[in-house]
Amino acid sequence: MHWTSPVKYDSGAALPSIPNEALLPAVRATRPDVPLLAVDLLASGDSYYYSHHADRPFPVMRVQFRLADDTSFYIDPDQGTLVGHTDRNGKWNRWLFNGLHQLDFAASLRTRPVWDVMVASLSILGAMLSITGLVLGWRRLSKRRAKTSKR
């Protein structure tokens, strides 16, 4: 793997991206005693590194070491910087918080029109369930009030 897209700096100068032959040994040096499980170049997001509420740089190198906490590191190959990481706790948080709280389950649901329709539909359903509960509660309390006033 070799990337050739240039990096542009404030001065306008473009520098070539860091070659894989230099970047991969530097990544290995961060955990010298731990074997590499996988190294992938991602052109778009995966389940744990993606653009939704924040723009993320792509392509990105995903590096997985054989660690007990199942950590993945995401490195920008153009600049050689660590742009993200996730471990076992971060993966749980991603599915329990982002998935359930922000309705962020899959890439197909992250596109704005689909996500907007899903959120609006679930909001309407939640409002209907709340109104149903209020009506049923009101009827029940009205019946109790009627029974106690007859006595």
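Just so we're clear, the structure is a prediction, and the values are computed from it rather than from any experiment.
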Are the side chains of M61 and V39 in touch, meaning some heavy atoms are under 4.5 Å apart? yes
For the pair D40 (side chain) and L42 (backbone), establish whether a donor and an acceptor sit closer than 3.5 Å, ignoring hydrogens and angles. no
Is any side-chain heavy atom of V34 closer than 4.5 Å to one of L67? yes
Those residues that, when tested against Y74, pass side-chain hydrogen bond (donor to acceptor under 3.5 Å, both in side chains) (two or more places apart): D46
Which of these passes side chain to side chain contact (heavy atoms under 4.5 Å, CB included) with F65: L37, V27, D33? V27
Tell me whether R31 contacts the main-chain N or O of L36 through its side chain, where contact means a donor paired with an acceptor under 3.5 Å. no
With sequence neighbours excluded, what pairs up with L82 under the side-chain contact (heavy atoms from CB on, under 4.5 Å) test? F73, I75
Search all heavy atoms of W95 against all heavy atoms of S47 and return the closest pair with its distance. CZ2-CB, 3.9 Å
Hydrophobic side-chain clustering at under 4.5 Å (ILVMFWY, transitive links): who's grouped with M128? Put none if nobody. I124
Listed once per pair and sorted, the side chain to side chain donor-acceptor pair (under 3.5 Å) pairs that draw on residues 119-130, sequence neighbours left out: none
What pairs with D69 under side-chain hydrogen bond (donor to acceptor under 3.5 Å, both in side chains), at least two apart in sequence or on another chain? T71
Which residues, ordered by chain and number, are linked to F97 in its hydrophobic cluster, where ILVMFWY side chains connect at heavy-atom gaps below 4.5 Å, directly or through other members? none
Does any non-hydrogen side-chain atom of P77 lie less than 4.5 Å from one of L41? yes
How far apart are the C-alpha atoms of R94 and Y49, what are their side-chain angles, what is the distance that settles it, and do they pass the side chain to side chain contact (heavy atoms under 4.5 Å, CB included) test? CA-CA 10 Å; R94 185 263 180 271; Y49 180 86; over 6 Å; no
Apply side-chain hydrogen bond (donor to acceptor under 3.5 Å, both in side chains) to S72 and list each qualifying residue two or more places apart in sequence or on a separate chain. Q64
Mind checking side-chain contact (heavy atoms from CB on, under 4.5 Å) for T81 and listing every partner two or more places apart, or none if nothing turns up? D76, Q79, V83
Donor-acceptor contacts under 3.5 Å from residues 137-146 side chains, at least two apart:
residue, atom, partner, partner atom, Å
S142, OG, W138, O, 2.8

Taken in chain and number order and not counting sequence neighbours, the residues that satisfy side-chain hydrogen bond (donor to acceptor under 3.5 Å, both in side chains) with D70 are K91
side-chain contact (heavy atoms from CB on, under 4.5 Å) partners for L129, two or more places apart: L125
Which other residues belong to the hydrophobic cluster containing L134, where Ile, Leu, Val, Met, Phe, Trp and Tyr are joined when side-chain heavy atoms lie under 4.5 Å apart, directly or via other members? none
